[in-house]
Each structure stands twice: as structure tokens, then as C-alpha cells.
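Both backbone and side-chain heavy atoms feed into the values below; hydrogens, waters and symmetry mates do not. The shown structure was predicted, so the numbers you read here are calculated from the model rather than taken from an experiment.
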2 protein chains.
Amino acid sequence: MSLRHGLLGLLAEGPASGYDLAGRFQEVLGMVWPAQHPKIYAELGKLADDGLIEVDSVGARGRKAYRITPDGLAEVRRWLTSTEVDHTMRLQALLRSVFFWLMPPDDLRRHLAAEETYYRQTADFYRQIAAAKDRGDYGDSPPTQAIRIAAEAGIRLHQALADWAEWAQTAPLSSDEDSD
Amino acid sequence: MSLRHGLLGLLAEGPASGYDLAGRFQEVLGMVWPAQHPKIYAELGKLADDGLIEVDSVGARGRKAYRITPDGLAEVRRWLTSTEVDHTMRLQALLRSVFFWLMPPDDLRRHLAAEETYYRQTADFYRQIAAAKDRGDYGDSPPTQAIRIAAEAGIRLHQALADWAEWAQTAPLSSDEDSD
DNA sequence: CTCGAACCTGTCCCTAAGGACATGTCCATG
DNA sequence: CATGGACATGTCCTTAGGGACAGGTTCGAG
């Protein structure tokens with residue numbers, strides 16, 4: 001139930017509406033934990049039922065901001081420190097790589113080159129976030145420092161994948177193109 | 001629908017039963033694409049309905065082996081070469097890192113040290129697979145070569161995460177422990 | 001004043017994933 | 001011969017995720 005705790009974690013920074021949280025998931029967490037608004041609104045309702053968050057204010061345009069409760073803060077801390085990390089890595093790119101031998105060599109080279117470009121660009125995107133944080137563009141509050149650490153992971157992960165895609169282009173792989 | 005294509009890809013290597021495929025997903029694909037047997041049996045049924053696979057043989061203990069059809073082989077190749085790669089990276093460890101500022105510093109250090117150990121061990125696990133393939137323990141058929149490439153990604157990804165966890169232990173991060 | 005864009009909240013439905021439960025076979029060991 | 005473990009297939013049910021649909025508000029530009 002990571003979405004639940006992701007929501008609690010974001011609300012620990014301060015009150016926010018479902019709309020705000022959907023935006024934050026899009027920009028900050030979009031690449032590591034996608035979440036669409038239908039799921040977010042539903043989960044906010046459940047969190048409120050469980051007393052982990054409560055309505056902070058109702059503003060213009062029906063805007064309903066939630067605030068984390070002491071129970072909610074305790075719950076997100078319990079999750080962070082007392083639960084096992086789920087190390088599942090569901091990467092479609094890696095699943096595909098197991099079947100590279102089914103691709104015509106030219107298609108595979110093109111594919112790997114495109115992947116390399118994508119990963120380098122994404123690594124650069126995270127580098128820009130990291131540079132902005134290091135310049136102090138967003139202050140240096142604890143949440144900002146944590147995002148800097150997350151961005152570092154984004155950089156290293158995508159850099160590793162870019163280097164892998166480059167390496168794979170040189171790796172020997174006889175195709176099985178003729179066998180159908 | 002990656003499970004569907006993962007199944008087709010594995011069946012492209014030769015006939016296999018649902019039980020075999022569950023084992024392959026466990027050992028080969030378990031870390032990049034977990035799949036339990038209930039999902040596998042259900043999906044095999046649908047693939048057979050769609051004519052992408054067919055029953056190859058029925059053996060002892062009710063064993064039912066499937067064989068990929070020409071349509072199925074064409075479909076997995078179409079998936080590999082003509083569909084967009086889904087680059088979604090749903091990593092709980094990264095989601096958690098955004099909330100590191102909520103953890104007491106001592107807990108965080110312990111957590112990062114444990115994570116580092118886990119990632120180093122997992123990287124070593126992939127290194128052993130890669131070394132075995134390089135020694136030729138499994139021959140050098142195209143599918144084996146592809147798994148070697150996938151293992152390389154496993155090594156690089158987990159090594160990057162281990163280095164990140166090590167780096168994060170030295171990164172400055174003031175906690176927000178007192179604020180509840 | 002009107003109209004479109006951004007703001008804001010939700011429901012509905014389908015598929016994917018995963019844990020629990022159920023069933024039966026074959027074989028080796030004691 | 002009995003019994004446990006690996007082999008083998010499946011159902012059921014709940015939750016998670018994601019696309020489509022639906023509706024209402026505020027504000028700024030023309």
C-alpha cells in the first residue's frame with residue numbers, strides 16, 4: 001500500500017488538496033510512483049475514514065485541503081522505519097531484453113540506440129533537478145534535501161541504464177531471425 | 001500486457017507447461033517481472049483462445065505443455081519491435097527516499113546501510129549469473145546470450161543503487177524528528 | 001459579457017496482480 | 001505400504017491501477 005503512504009508523506013510537508021497531490025505525484029513522484037487522480041481521491045477518502053488525515057479547509061471551486069493528523073504522521077514513520085522494503089523492480093525494458101534474441105539485428109541496434117538516448121536525457125533531467133536543489137533554488141528544508149537524494153538515485157539509475165544500452169550495442173548476439 | 005508477451009517470449013524457446021513457465025518467471029524473470037502461477041494459467045488460457053499458442057502435449061500428472069504458433073511468434077516480435085517501451089520505474093525504495101526527512105537520523109543510517117548491503121548482494125548474484133554464462137555453462141544459444149545482456153543490466157542497476165545508498169549515508173539531511 | 005482554460009472533485013468499469021484455498025499425481029524413502 | 005515432497009493445474013476473492021466519463025467553479029482575455 002505504497003500510494004497510501006506516499007500520500008501521507010506528501011501531506012507531512014503541509015496541507016494539500018487531492019488536486020495538489022495529483023500534481024505532486026505527476027512532477028515529483030511521477031517517474032518512481034505513478035498515480036492518477038481517481039486513485040488519489042479514493043485513497044484520501046479512506047485515509048480520512050481511518051483518521052490519518054482530516055479536512056483542513058474547504059476553499060474556492062470546491063477545493064478540499066487535507067491535513068495529516070498525529071496518527072497519520074506516526075503511521076508514515078512506522079512505515080518508513082518498521083516495514084520491509086519491497087525491492088520488486090518491474091522494468092519492462094529488462095523484460096524485453098530477455099527476448100532480444102528474437103529481434104532482427106538491425107531493429108535491435110536501433111532499439112538500443114533509442115533507449116540509450118532516452119536514458120541519457122532522463123539522467124540529464126534529474127541532473128537539472130539536482131543542480132537546482134544544490135543552487136538552493138528551493139531552499140534547503142528537509143523535504144528539499146530528501147528530494148535531492150531521490151534525484152541522485154534517478155541520475156545514477158538512468159546513467160547506469162544508458163551505459164548498459166551502449167554496452168549492449170557492442171555485445172555479441174546472434175539473432176534467430178530465420179527460424180519462423 | 002507484458003506478462004502475455006513474456007509468456008510468448010519464453011515459449012519461443014520451446015514448448016513448456018504452466019508449471020515450467022512459473023519456474024522460469026521465478027528464477028529468470030522474478031526480479032524484473034514477478035508472476036504467480038494463478039496469473040500464468042489464466043493468461044495461457046487466453047493465449048490459447050487467441051490462437052497464439054496451442055497445446056503441444058499432455059504428459060504425466062496432468063502436465064499440459066504449450067507450443068507457440070506462428071501467429072504467436074509474429075505477435076511477440078511485433079511487440080518487441082513496434083511498440084513503445086514503458087519506462088515506468090515503480091521503485092518503492094525511491095518513493096521512500098522522498099520521505100527520508102521524516103526518519104530519525106539513526107534509523108535512516110541503519111536503513112541505508114541495510115539497503116546498501118542488499119543491493120551489493122543482489123549485484124553479486126547477477127555477477128554470478130553473468131560469469132556462468134561467460135564460462136559457457138549454459139552454452140551460447142541466442143536465448144542464453146540475451147539473458148547475459150539482461151544480467152548485465154541487473155548488475156549495473158543494483159551496483160548503482162548500492163553506490164547511491166553508500167553516498168546517501170554521507171549526504172547531509174537534517175531530520176524533522178521533533179516536529180510531532 | 002462571453003468563452004475557454006485551468007481548477008477541482010468525483011464515479012464507473014475493466015484489467016492486473018497476488019494471496020488463499022482446493023485437488024490430484026507420481027515417486028522415492030523409510 | 002505409507003507418507004511426504006515435488007510435480008502439476010486450477011478457482012476464488014480482494015485490492016491496485018488506469019482509462020473513460022461526468023460535472024461544476026473561477027478567472028482572465030478579448
Which residue pairs satisfy the ring pair (Phe, Tyr, Trp, His ring centres under 6.0 Å) criterion with at least one member in residues 120-145 of chain A, sequence neighbours excluded?
-> Tyr126(A)-His158(A)
Shortest non-hydrogen pair, Thr144(B) vs Gly139(B), comes out as CG2-O, 3.7 Å
Heavy-atom contacts, protein to nucleotides 16-23 of chain D, under 4.0 Å, summarised as B (base), S (sugar-phosphate only) or - (none) per nt, yield SBSBB---
When every non-hydrogen atom of Ser2(A) is compared with those of Trp79(A), the smallest separation belongs to OG-CZ2, 4.2 Å
In plain terms, say whether Lys133(A) and Glu152(A) are close enough for a salt bridge, that is, a side-chain N and a carboxylate O under 4.0 Å apart.
-> no
Contact list for residues 7-35 of chain B, test ring pair (Phe, Tyr, Trp, His ring centres under 6.0 Å), sequence neighbours left out | none
What side-chain donor-acceptor pairs closer than 3.5 Å can you find for residues 45-55 of chain B, not counting sequence neighbours?
residue, atom, partner, partner atom, Å
Asp50(B), OD2, Arg4(B), NH2, 2.5
Glu54(B), OE2, Arg67(B), NH1, 2.5

Modelled atom types, side-chain donor and acceptor of Asp86(A) and Thr88(A), under 3.5 Å = yes
Using the heavy-atom set of chain B and a strict 4.0 Å cut-off, write down the first and last nucleotide of DNA chain C that makes it in, 5' to 3'.
-> dA16(C) to dC26(C)
Shortest non-hydrogen contact from Phe100(A) toward Leu112(A) | CE1-CD2, 3.8 Å
Position toward the 5' end of DNA chain D (nearest nucleotide), Lys64(B) or Arg61(B) = Arg61(B)
Taking the side chain from Trp164(B) and the backbone from Ile149(A), do they hold a donor-acceptor pair closer than 3.5 Å?
-> yes
Determine the minimum heavy-atom distance between Thr81(B) and Pro104(A), stating which atoms define it.
-> CG2-CD, 4.2 Å
Residues touching DNA chain D, which here means a heavy atom under 4.0 Å, drawn from residues 18-25 of chain A | none
